[in-house]
Protein chains: 2
Amino acid sequence: MKKITIRDVARKTGLSITTVSRALDGYDDVAEETRATVVSTAQKMGYIPNRAARQLRRQQAETIGYIIPVHTVGFADPFFSEFIAGLGDEISSQNYDLLVTSAPPASEEERTQYTRWIQSGKVDGIIVNRVRLQDWRLQYLARTKTPHVSMERSLDPINFIGIETDVTSGMLELITHLTNAGHKRIAYIGGDSQLKIEQDRFQAYLAGLSAAHLSFRPEMTTQADLTSEGGYQSAIRLLSQSKPPTAIVCINDLTAIGAMHACHDHHLKVGHDIAVAGFDGIADTAHTQPPLTTLDQPVYDIARQLVRMLLSMIHNETLSEKQVMVKPNLLIRASTNG
Amino acid sequence: MKKITIRDVARKTGLSITTVSRALDGYDDVAEETRATVVSTAQKMGYIPNRAARQLRRQQAETIGYIIPVHTVGFADPFFSEFIAGLGDEISSQNYDLLVTSAPPASEEERTQYTRWIQSGKVDGIIVNRVRLQDWRLQYLARTKTPHVSMERSLDPINFIGIETDVTSGMLELITHLTNAGHKRIAYIGGDSQLKIEQDRFQAYLAGLSAAHLSFRPEMTTQADLTSEGGYQSAIRLLSQSKPPTAIVCINDLTAIGAMHACHDHHLKVGHDIAVAGFDGIADTAHTQPPLTTLDQPVYDIARQLVRMLLSMIHNETLSEKQVMVKPNLLIRASTNG
DNA sequence: CATTTTATCCAAAACGTTTTGGAATTTTAC
DNA sequence: GTAAAATTCCAAAACGTTTTGGATAAAATG
């Protein structure tokens, strides 16, 4: 199975390489008739342009990169599957490709991955996620003028392009829902304090409390690592206090799943004796026992839209909206509403 | 931030492009001393070879591809996250890259994705998953002599290279565990009958029944789609019969999670009134309510080993083992052992 | 000392595209 | 009927590497 090059197509059609190339690329300086024959014979011969050659000449990779920011080997947050699926679908629908790898946040490995991809021209743009408060990635991308979009902004004064979730309004709605049900001791299980989502969600939790005229109690908050196991351990600690919480708000769904497990081990019936809520809206939460109340983000759609924004930046088109804000959707289920 | 090419390094060191290239690639026809200066100035200047140029010349992409075989938009099976993480980690540790996209199984889109990547030379090899009984992908890959490895073999007489799970022994263990607990009406929720894993797991289920001297009852099996929602619907159907099952074995964990939810809606206490078991061993299953009994596959490690096999094929090394069989590990938890 | 071997280096070709800057032909305008 | 404009095509350069096939100088051999 020899590879078919543009030269073969040129020979077959009796035209020059130039004309074949331009015919296929839809330039208007080639006659309709010749274009038709070129297109059909190219199709018939199964010609597909060599990517490396095209990239080299065009100085474009037609590829965008995403590095999954995860430390544990064998991570399994469905959030990422959904996100990657969204990226992949939109990217390939635009005839681009998606390069993926994973690297622990803020590690040396992360740094070499980013620089390798960008310096070697393997990618034209980058999608960033799980932004840290001080994040060298955004600084580096800005400095090298690499097109990028992100799901959160950092603290650095770099102009942000991407999509954010309106955590404050969502969290307010959730806490109101809980206080309406009479909850007074509402705990919070968060993540690494360097994470922007942690800051956002924790601040929103505080705002929610104060809106409900509840005072903040340090012993009602703990930090986990965004996994079920972390949620389980943190919830165990919260529940072992003399005055345990009656509701637990979690930074994400995985944490909440672990927290529900911990409640059960403490012989508390989730939804009756204690309320638990998550954040993200991953698919399984509809089928946990009990089904989990969560602030649903349209992760798949966010991913697709991020790609659209990034690609129009790469193509030097002007963005209609550089900063998009989406409202999460509060899904009230049995875990807070037994 | 101009891109630094090999020409710049050559100029700086006063050497030729050739020598710089060969120095960096470790050829032995360059003096130790010059190599040292080349390496250090290249490093200092931040030179990273352009990937497109290198690929074009070498006729190698140093990239391998994986197409997630999934139909629903916004899939979220943690199985895939874990698999992709394994692929990505091993691949980047060998200085290769991983190209990812998704396409519905057996769709036209799938076909164009595969051919586009392979014909255009974007990837040197492919990882295949969720093989169908008749699978054009394996035929195509064999025909085009594209290096590939897979997690299941198809029926076609193509010599298989990859890693399989020993479903039969695992399933036997599981069914024995259930019959020992006195279960006689053991149901099975499967997936698309074209899938190799469906055939394997269903056959293993039948073998397990007959080993326990239980007769197969068609009304005890149903087909879902490997999602929680599908598992829920299928289980509802099973439970609505006049003589419902006392145990349900599921093709994967997601299905089992949905099935547990259905049991709960039927006011059956999972682990007491009915047993439910899954397959895959995704991380959350430790924290479902109740924790799920499952046949755990070391997905992350399988992914890494698949990559190692694929890369040695690409490098024309001889494989010590072309066909590896791994035993799943039966994790007995409360869902069958209340 | 002349010849061969070894150790270093390099010029030029090649990989398969896209793009530039015309050239040749045909059509339109006057 | 001639000049200008439009249409259609193409040769050659360029993208940044790696590799081939020597060239040169130094060392070893006789």
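All values derive from a computational prediction rather than experimental measurement. Numbers restart at 1 for each chain; the letters A, B, ... are given by sequence-line order, proteins then strands.
L24(B) has its CG atom 10 Å from the P atom of dT17(D), to the nearest Å. The distance from atom CZ of R51(B) to atom C1' of dC15(C) is 16 Å, rounded to the nearest whole Å. Rounding to whole angstrom units, CZ of residue R54(B) and C1' of dT19(D) are separated by 13 Å. The nearest whole Å value for the distance from the CD atom in E62(B) to the C1' atom in dC15(C) is 15 Å. Taking atom CG on D29(A) and atom P on dA24(C), their separation rounds to 17 Å, with Å as the unit. One atom, CD of Q55(B), and another, C1' of dT18(D), lie 13 Å apart when rounded to the nearest Å. Atom pair R11(B):CZ and dG16(D):P shows a separation of 12 Å (rounding to whole Å applied). Rounded to an integer number of Å, the gap from CG of L56(B) to C1' of dC15(D) is 9 Å.
Note on ring orientation: taking the six-membered ring where Trp is involved, the planes of Y66(B) and F80(B) are tilted (angle from 30° to 60°). Ring orientation note: the planes of H315(B) and Y96(B) are nearly perpendicular, at an angle over 60° on the 30°/60° scale.
When the side-chain nitrogen and oxygen atoms of T19(A) are compared with OP1 and OP2 of dC10(D), one or more of them lie within a distance under 4.0 Å. Within the structure, a side-chain polar atom (N or O) of Y27(A) is placed less than 4.0 Å from OP1 or OP2 of dT19(C). Dashed line: the shortest gap from a side-chain N or O of R58(B) to OP1 or OP2 of dT19(D) is under 4.0 Å. Residue S21(B) has a polar side-chain atom (N or O) positioned under 4.0 Å from OP1 or OP2 of dT18(D). The phosphate of dG16(C) (OP1 or OP2) has a side-chain N or O of Q59(B) nearer than 4.0 angstrom.
For the helix from dC1(C)-dG30(D) to dC30(C)-dG1(D), the terminal axes (five pairs an end, C1' atoms, rotation from four pairs onto the next four) enclose an angle of 50°, given to 10 degrees.
If you check the side chains of Q94(B) and E90(B), you find a donor sitting under 3.5 Å from an acceptor.
I17(B) comes within contact range of at least one nucleobase, with a heavy-atom separation under 4.0 Å. Using a 4.0 Å heavy-atom cutoff across all strands shown, T5(B) reaches sugar-phosphate atoms only and no base atom. Among the atoms of the strands shown, base atoms are found under 4.0 Å from some heavy atom of R22(B). Across all strands shown, N50(B) has heavy atoms under 4.0 Å from sugar-phosphate atoms exclusively, and none from any base.
R130(B) is listed as a side-chain neighbour of F79(B), based on a closest heavy-atom distance under 4.5 Å.
Listed candidates were dC10(D), dG16(D), dC15(C). Nearest to the side chain of T18(A) is dC10(D).
For DNA chain C, the residues of residues 34-49 of chain B within the heavy-atom distance limit of 4.0 Å (strictly under) are T34(B), sorted by number.
Annotation for L141(B) and T144(B): closest pair O-OG1, 3.4 Å, computed over non-hydrogen atoms.
Going from atom NE2 of H148(A) over to atom CE of M313(A) covers 6.5 Å, rounded to the nearest 0.5 Å. In this structure, Q43(A) CD and L24(A) CG are separated by 10.5 Å, a value rounded to the nearest 0.5 Å.
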Test log, rule side-chain contact (heavy atoms from CB on, under 4.5 Å), inputs I163(B) and V326(B): CA-CA 7 Å; I163(B) 303 179; V326(B) 303; 3.9 Å; yes
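Residue order along DNA chain C, read from the 5' end via each residue's closest nucleotide, puts E32(B) first among E32(B) and R57(A). If you find the closest nucleotide of DNA chain D to R7(B) and to V30(A), the one lying nearer the 5' end belongs to V30(A).
Q323(A) places a side-chain N or O within 3.5 Å of a backbone atom of F160(A) that can act as its donor or acceptor partner.
Checking V30(A), V20(A), T19(A) one by one against V38(A), the side chain to side chain contact (heavy atoms under 4.5 Å, CB included) holds for a single residue, V20(A).
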